[in-house]
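Only heavy atoms go into these numbers, but all of them, side chains included; no hydrogens, no water, no symmetry mates. Please read these numbers as outputs of a predicted model, since none were measured by experiment. Throughout, protein chains are lettered first and strands after them, A, B, ... in sequence-line order, and every chain is numbered starting at 1.
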2 protein chains.
Amino acid sequence: MRLNLNKIIITMQALKATLQKEGLRYTRQRQEIWNELRSSDEHRDAEEIFFTLRKRGLNISRATVYRTIDVLVKNNLLDKLDIGDGRARFEYNEKYFHHDHLVCTRCGKIFEFHNDNIEELQNEIAKQKNFKILHHNHQLFGICEDCQ
Amino acid sequence: MRLNLNKIIITMQALKATLQKEGLRYTRQRQEIWNELRSSDEHRDAEEIFFTLRKRGLNISRATVYRTIDVLVKNNLLDKLDIGDGRARFEYNEKYFHHDHLVCTRCGKIFEFHNDNIEELQNEIAKQKNFKILHHNHQLFGICEDCQ
DNA sequence: ATATTAATGAGACTTAATCTCAATAAAATA
DNA sequence: TATTTTATTGAGATTAAGTCTCATTAATAT
Ligand SMILES: [Mn+2]
Ligand SMILES: [Mn+2]
Ligand SMILES: [Zn+2]
Ligand SMILES: [Zn+2]
């Protein structure tokens, strides 16, 4: 309880701090969108956030959801995930816990993985080509255990 | 010359064989699209193929380009590449030469890499999670040598 | 040569995402 | 606190990749 509440306060201040740093305003809508995204560990798309907030009675617009998510991604509060189905997904970025994804093409479930060796090999490849990596996409598509 | 001609004939027969296997017809449009894609080593999108063939005087439709590319991808004559800019790219699939990509976010150039260790580590990750990999996406985004 | 049926072209449609602009609400100022 | 300033918002128009429809055309089987 207390811990949860603390966590919420901390992340709301992370939002406030980020907006301040960017010279942006701490609005009701931005709070609601951020709170919605950071309070779940799923990989959610903009449309879904929009409808969730609407159903909850908030008079919010699609445009605001997209605009806010952009700000959050640019400031590393959210990670953007592209699994090639035409909709971008977003997840709360627990800093220092980077991970990539396995995507089940049958049921759509998304699993996570992290492998230091792969990360290191990526760096070597880039170094060798004198390429400065900013970010990367790495997804394994296939059939999950349950679906086989 | 002779070699080139042979290669074209071979790949046209690859197309013919694939279409036959699938019970599909060997049409002018499918030949032109396949020829256009297989005769370049770039990463091209459907719209670009459409306009190239149009400029060349062929009365082809967008729908046919998309439909044909689908068939070619499903039959592994083409690889589909998604670099997250909203347009799918395609490249001639030289079988047994799988590779992944580095994408320069400044100039858009696409470089290729292949690393057996990474491929193997991917398999281990999947095995451990009892996940059956069908394909994967692996892109490194950043700034290329020329753009730094 | 003719019949059969898959493939095509044109353009309507879908869908995620972006843009526009008048109205609204944060925050700065008095 | 009231007022002013200006960023943000909501509604809906717009864009763009890709899909769908359906009458017409062309590849193949007979
Ligand atoms: Mn994740
Ligand atoms: Mn390539
Ligand atoms: Zn599954
Ligand atoms: Zn570059």
Exercise. For DNA chain D, which residues in residues 42-68 of chain B have a heavy atom at a distance below 4.0 Å?
Worked result: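 Those residues are B/A63, B/Y66, B/R67.
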For this session: Would you mind listing every salt bridge (charged side-chain N to carboxylate O under 4.0 Å, His left out) that reaches into residues 46-55 of chain B, with sequence neighbours excluded?
Result: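 Matches after skipping sequence neighbours: B/R44-B/E48, B/E47-B/R62.
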Exercise. Please, which pairs that meet salt bridge (charged side-chain N to carboxylate O under 4.0 Å, His left out) have at least one residue in residues 117-140 of chain A, sequence neighbours excluded?
Worked result: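 Residue pairs with at least one partner in residues 117-140 of chain A: there are none.
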Problem set entry | All side-chain contact (heavy atoms from CB on, under 4.5 Å) counterparts of B/T18, not counting sequence neighbours |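 Once residues adjacent in sequence are excluded, the partners of B/T18 under the side-chain contact (heavy atoms from CB on, under 4.5 Å) criterion are B/N75, B/L77.
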Problem set entry | Counterpart residues, side-chain contact (heavy atoms from CB on, under 4.5 Å), relative to A/A63 (two or more places apart) |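 side-chain contact (heavy atoms from CB on, under 4.5 Å) list for A/A63, sorted by chain: A/S61, A/R67.
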Exercise. Measuring from B/F113:CZ to A/Q122:CD, what's the distance to the nearest 0.5 Å?
Worked result: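 Interatomic distance, B/F113 CZ to A/Q122 CD, rounded to 0.5 Å: 6.5 Å.
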Exercise. Quick one: CG on A/L15 to CZ on A/R38, what's the gap to the nearest 0.5 Å?
Worked result: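 The CZ atom of A/R38 is 11.5 Å from CG of A/L15, to the nearest 0.5 Å.
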Exercise. Hey, is B/E36 close enough to B/R56 for a salt bridge, meaning N to O under 4.0 Å?
Worked result: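 Counted as a salt bridge, because a side-chain N and a carboxylate O are separated by less than 4.0 Å.
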Exercise. With sequence neighbours left out, what residues match B/E32 under salt bridge (Lys or Arg N to Asp or Glu O under 4.0 Å)?
Worked result: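 For B/E32, the residues satisfying salt bridge (Lys or Arg N to Asp or Glu O under 4.0 Å) (neighbours in sequence not counted) are B/R28.
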For this session: Measure from CG on B/D70 to P on D/dA17 and round the result to the nearest Å.
Result: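 The distance from CG of B/D70 to P of D/dA17 comes to 16 Å, rounded to the nearest Å.
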For this session: Return the value, rounded to whole Å, for the distance between atom CD1 of B/I69 and atom C1' of D/dT19.
Result: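 In whole Å, D/dT19 C1' and B/I69 CD1 are 14 Å from each other.
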Exercise. Near DNA chain C, under 4.0 Å by heavy atom, which residues of residues 21-30 of chain A?
Worked result: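 The stretch gives A/R25, A/Y26 as the residues lying under 4.0 Å from the strand, ordered by number.
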Give the table of side-chain donor-acceptor pairs shorter than 3.5 Å for residues 80-87 of chain B, with sequence neighbours excluded, one pair per line with atom names and distance.
from  : atom 1 : to    : atom 2 : distance (Å)
B/D82 : OD1    : B/G84 : N      : 2.9
B/D85 : OD1    : B/R87 : N      : 3.2
B/D85 : OD2    : B/R87 : NH2    : 3.2
B/D85 : OD2    : B/R89 : NH2    : 2.8
B/R87 : NH1    : B/D45 : OD2    : 3.1

For this session: Only pairs at least two apart or in different chains count here, so list each ring pair (Phe, Tyr, Trp, His ring centres under 6.0 Å) that has a residue in residues 28-77 of chain B.
Result: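 Residue pairs with at least one partner in residues 28-77 of chain B: B/W34-B/Y92, B/H43-B/H101.
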Problem set entry | Near-ring test B/H98/B/H136, centroid separation under 6.0 angstrom |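 For B/H136 and B/H98, the ring centres are under 6.0 Å apart.
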For this session: Using the six-membered ring wherever Trp is involved, compare the ring planes of B/H138 and A/H138 and label them parallel, tilted or perpendicular (cut-offs 30° and 60°).
Result: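 The rings of B/H138 and A/H138 lie parallel, inter-plane angle below 30°.
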Which side-chain N or O atoms in residues 140-148 of chain A pair as donor and acceptor under 3.5 Å with protein atoms at least two apart or in another chain?
from   : atom 1 : to     : atom 2 : distance (Å)
A/E145 : OE2    : B/N130 : ND2    : 3.1
A/Q148 : NE2    : A/I143 : O      : 3.0
A/Q148 : NE2    : B/N130 : O      : 2.9

Problem set entry | 5' to 3' contact window, DNA chain C with chain A (heavy-atom distance under 4.0 Å) |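 On DNA chain C, the outermost contacted nucleotides are C/dA16 to C/dA27.
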Exercise. End-to-end bend of the helix from C/dA1-D/dT30 to C/dA30-D/dT1 (five-pair axes, 10° rounding)?
Worked result: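 Here the local axes at opposite ends form an angle of 30°.
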